[in-house]
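Reminder, nothing fancy here: chain letters follow the sequence lines and each chain counts from 1.
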Amino acid sequence: MVTIRLTNSKTRKKEDFVPIDPENVRMYVCGPTVYDRAHLGNARPVVVFDMLFRLLRHVYGEGHVTYVRNFTDVDDKINAEALRRQKAGAPGTLEELIHERTEETIAWYHADMDALGALRPTVEPRATEFIAQMIAMTEGLIASGHAYAVEGHVLFRVRSYKDYGKLSGRSVDDMIAGARVEVAPFKEDPMDFVLWKPSSGEEPGWDSPWGRGRPGWHIECSAMAQELLGESFDIHGGGLDLQFPHHENEIAQSACAHPHGDFAHYWLHNEMLQVEGKKMSKSLGNFFTVRDLLDQGIPGEVIRFVLLMTHYRSPMDWTAEKAAEAQKTLMKWRKFVTGVKPSEADHRVIAALSDDLNTAGAIAVLHELAKSGDAPSLAASAHLLGLLTNKLGDWPTQDDFSEEVRALIKRLAQAWANYRDQKDWQRADQIRDALLGLGVRVTQKTAQHWEVRYENPDMISLAEREERVAALARLEALQ
RNA sequence: GGCGGGUUGGCGGAGAGGUUACGCAGCGGAUUGCAAAUCCGUGUAGACCGGUUCGAUUCCGGUACCCGCCUCCA
């Protein structure tokens with residue numbers, strides 16, 4: 001069996017991956033807070049850990065991997081949006097509007113991540129479905145002296161856990177020195193963090209021993225991981241920005257609540273994404289969602305490919321140039337594997353992926369397979385990366401055109417062939433270029449036989465396409 | 001201020017203590033009415049300084065620059 005090696009943030013070393021139970025390899029990844037569309041930065045961990053999920057399934061068998069990714073559906077931004085809608089006159093109670101908002105955001109998330117070729121995790125728990133477990137865990141922490149209730153809040157006593165800061169490499173004293181936050185007066189220690197907090201009338205809340213309130217963010221993941229994967233499991237993943245404080249707090253809570261478990265054995269963190277060299281932010285104006293890109297006509301597979309071009313532990317930059325390069329490569333490969341029956345994934349691809357998810361290295365092997373003409377292995381290897389699959393079929397094809405437009409294209413292609421036969425290069429080229437603008441390439445195979453190919457050279461949007469079809473019709477009228 | 005990551009050829013981007021990464025672009029050629037597509041060939045590197053070594057882009061130390069986290073943004 002292939003040995004997977006992973007860089008464990010806990011030890012800062014690349015280690016052989018040894019599962020607790022090869023029959024059931026268990027992984028938890030922090031999912032989104034469902035208050036709005038996922039942006040491109042959200043997509044990176046999704047694709048990275050989808051890649052790991054696929055590799056684990058390949059090595060241990062499809063039925064032997066449990067992948068949990070949560071939805072955080074308790075959040076101030078969700079409440080704010082629901083409240084805004086209510087004030088704008090939307091019908092229903094605030095709770096119903098909150099539910100509506102999370103439902104719609106989860107549906108968007110699924111649609112967008114499906115478009116990137118990410119497999120759905122085995123379980124996608126919602127925080128609101130595990131409130132009872134969070135309360136129970138919080139009660140346990142109070143009972144064991146690791147937490148305390150004050151003024152409707154429950155706080156975790158950071159000083160009660162000696163290994164606090166180990167994952168992120170910080171000491172509690174350093175953290176206090178650098179703290180820039182105002183400290184709530186009821187905290188015993190500035191570093192203590194919230195396990196439970198009170199809810200006001202218009203906020204969602206659940207009854208608890210400490211009054212009506214809602215859970216803190218960190219306890220959500222601890223409770224759900226424990227409930228669904230057990231006190232000890234194999235892998236915990238997430239973005240590097242979550243390493244502190246979120247993951248640090250998760251470890252502290254879980255270790256104290258379940259002293260016999262050891263929580264996650266391997267911690268994996270993906271580096272952050274940038275856009276054209278800058279951090280993506282609304283103020284810089286370089287902020288966009290996955291849906292924005294899809295709407296621009298960039299196939300989800302292209303986005304996936306770009307995300308896989310860079311190793312997950314390196315910062316990566318999204319640029320239009322990269323997207324164009326990825327698109328070109330995928331178009332070439334797709335043409336090459338059309339109608340080919342996939343064979344086996346190349347061992348070098350598996351070796352690269354097993355070496356701490358070296359997706360860039362795996363892609364290099366894909367290039368070599370394409371160059372050497374091994375289409376069946378290219379197809380199978382690409383499938384392992386979640387590429388060149390039938391599911392990722394959001395590429396333009398002739399089916400995207402209506403019956404009339406297809407007929408129009410056919411007539412123009414015939415006209416092009418005729419002009420060529422007459423050696424009327426000017427008129428032939430005019431038609432050829434107009435068709436090309438629509439992603440349709442006419443090629444001369446022999447003097448008598450010509451063929452039409454549908455491609456997407458510029459990743460044109462639907463609106464643009466309409467305009468170009470109209471231009472074609474005008475061109476035909478001129479013939 | 002504290003902690004962490006990065007710096008490879010025009011661009012993207014890996015591995016490896018000594019042998020061609022790979023891709024894109026470029027250049028030359030084949031093909032073509034011209035292009036496109038395709039095919040063949042090809043140049044260009046390792047931020048800086050020092051150390052270890054027969055030999056370092058690869059290991060160690062330092063410097064510079066960039067980035068992230070420390071604020072419930074993945």
Close N/O contacts between protein and nucleotides 26-29 of chain B (under 3.5 Å):
none

query: Based on Watson-Crick and G-U pairs with both distances under 3.5 Å, what dot-bracket line describes RNA chain B 5' to 3', crossing pairs as [ ] and inter-strand pairs as |?
result: (((((((..(((.....[...))).(((((.......)))))....(((((..]....))))))))))))....

- line: From CG of Asp36(A) across to P of rA74(B) the rounded distance in Å is 11 Å

message: Taking the P atom in each of rG68(B) and rC24(B), what is the distance between them to the nearest angstrom?
response: 32 Å

message: Ala362(A): which residues meet the side-chain contact (heavy atoms from CB on, under 4.5 Å) condition with it, sequence neighbours left out?
response: Val349(A), Ala352(A), Leu353(A), Leu385(A)

query: Under 3.5 Å, is there a donor-acceptor pair linking the side chains of His146(A) and Ser160(A)?
result: yes

query: CD of Glu95(A): more than 12 outside heavy atoms within 6.0 angstrom?
result: no

field: Nucleotide rC72(B), atom P - distance to CD of Glu250(A) in whole Å
entry: 15 Å

query: What residue pairs, at least two apart or across chains, pass salt bridge (charged side-chain N to carboxylate O under 4.0 Å, His left out) with a residue in residues 34-50 of chain A?
result: Asp36(A)-Arg101(A), Arg37(A)-Asp112(A), Asp50(A)-Arg54(A), Asp50(A)-Arg304(A)

message: Regarding Leu240(A), tell me which of base, sugar-phosphate or nothing describes its non-hydrogen contacts under 4.0 Å with the strands shown.
response: nothing

message: Using atom P in both nucleotides, what's the gap between rC67(B) and rG62(B) to the nearest angstrom?
response: 22 Å

message: Would you say that more than 12 heavy atoms from the other residues, nucleotides or ligands in this model lie under 6.0 Å from the CD of Glu188(A), or not?
response: yes

- line: Atom CD of Gln274(A) and atom C1' of rC67(B) are separated, to the nearest Å, by 6 Å

task: Can you tell me, in whole Å, how much space there is between the P of rC48(B) and that of rU7(B)?
output: 13 Å

message: Once ring-ring contact (aromatic ring centres under 6.0 Å, His included) is applied, do any residues pair with Phe233(A), and if so which ones, sequence neighbours excluded?
response: Phe263(A)

query: When you compare rC69(B) with rA74(B), how far apart are their C1' atoms, in angstrom units rounded to a whole number?
result: 13 Å

message: Work out how far the P atom of rU52(B) is from that of rG10(B), and round it to whole angstrom.
response: 32 Å

Sequence-distant partners of Asp292(A), salt bridge (charged side-chain N to carboxylate O under 4.0 Å, His left out), two or more places apart: none

- prompt: Can you tell me how far P of rU32(B) sits from CZ of Arg432(A), to the nearest Å?
  reply: 15 Å

field: Rounded distance in Å between the C1' positions of rG18(B) and rC59(B)
entry: 14 Å

- prompt: Strictly by modelled atom types, are Glu250(A) and Ser222(A) linked by a side-chain donor-acceptor pair under 3.5 Å?
  reply: no

message: Consider ring-ring contact (aromatic ring centres under 6.0 Å, His included). Of Trp210(A), Tyr148(A), Phe193(A), Phe186(A), which one does His153(A) pass it with?
response: Phe186(A)

message: In whole Å, I'd like the distance from the CD atom of Gln430(A) to the C1' atom of rG33(B).
response: 17 Å

- request: For Arg214(A), enumerate each residue passing the salt bridge (charged side-chain N to carboxylate O under 4.0 Å, His left out) test, keeping only those at least two apart in sequence or located in another chain.
  value: Asp76(A), Glu203(A)

message: Distance alone, cut at 3.5 Å: any donor-acceptor contact between the side chains of Ser168(A) and Glu248(A)?
response: yes

message: Taking the minimum atom-to-atom distance to the side chain of Pro245(A), which one of rG33(B), rG68(B), rC70(B) wins?
response: rC70(B)

- request: Please state whether the rings of Trp267(A) and His247(A) are parallel, tilted or perpendicular, taking 30° and 60° as the class boundaries.
  value: tilted

task: Please state the P separation for the pair rA36(B) and rG29(B) - nearest whole angstrom.
output: 14 Å

Tabulate atom names and distances for all N/O pairs under 3.5 angstrom spanning the protein and nucleotides 10-16 of chain B.
residue: rG12(B); atom: O3'; partner: Lys322(A); partner atom: NZ; Å: 3.4
residue: rG13(B); atom: OP1; partner: Thr310(A); partner atom: OG1; Å: 3.3
residue: rG13(B); atom: OP1; partner: Lys322(A); partner atom: NZ; Å: 3.1
residue: rA14(B); atom: OP1; partner: His311(A); partner atom: N; Å: 2.7
residue: rA14(B); atom: O2'; partner: Asn358(A); partner atom: ND2; Å: 3.1

Under the ring-ring contact (aromatic ring centres under 6.0 Å, His included) test, residues paired with His39(A) that sit two or more places apart: Phe287(A)

- prompt: For rC24(B), does OP1 or OP2 lie under 4.0 Å from any side-chain N or O of Lys332(A)?
  reply: yes

- request: Take the protein atom CZ of Arg420(A) and the nucleotide atom C1' of rA36(B), then report the distance between them rounded to whole Å.
  value: 12 Å

task: Grab the CG-C1' distance between Asn270(A) and rC73(B) for me, whole Å please.
output: 13 Å

- line: His269(A) NE2 to rG6(B) P, in whole Å, measures 15 Å

task: Scan residues 351-379 of chain A for pairs that pass side chain to side chain donor-acceptor pair (under 3.5 Å), counting only residues two or more places apart or in two chains.
output: Thr7(A)-Asp356(A), Lys14(A)-Asp355(A), Tyr312(A)-Asp356(A), Arg313(A)-Asp356(A), Arg348(A)-Glu368(A)

query: Which is true for Gln243(A) with a 4.0 Å heavy-atom rule: it touches a base, it touches only sugar-phosphate, or it touches nothing?
result: nothing

- line: Under a 4.0 Å heavy-atom cutoff, the residues of residues 364-380 of chain A touching RNA chain B are Ala364(A), His367(A), Glu368(A), Lys371(A)

query: Starting at the 5' end of RNA chain B and moving along, which residue's nearest nucleotide shows up first, Tyr35(A) or Arg12(A)?
result: Arg12(A)

field: Closest nucleotide among rA74(B), rC34(B), rG5(B) to the Asp429(A) side chain
entry: rC34(B)

task: Could you measure between the two C1' atoms, the one in rC65(B) and the one in rG23(B), and give it in whole Å?
output: 28 Å

- prompt: In chain order, what residues pass the side-chain contact (heavy atoms from CB on, under 4.5 Å) check against Ala364(A), with sequence neighbours excluded?
  reply: none

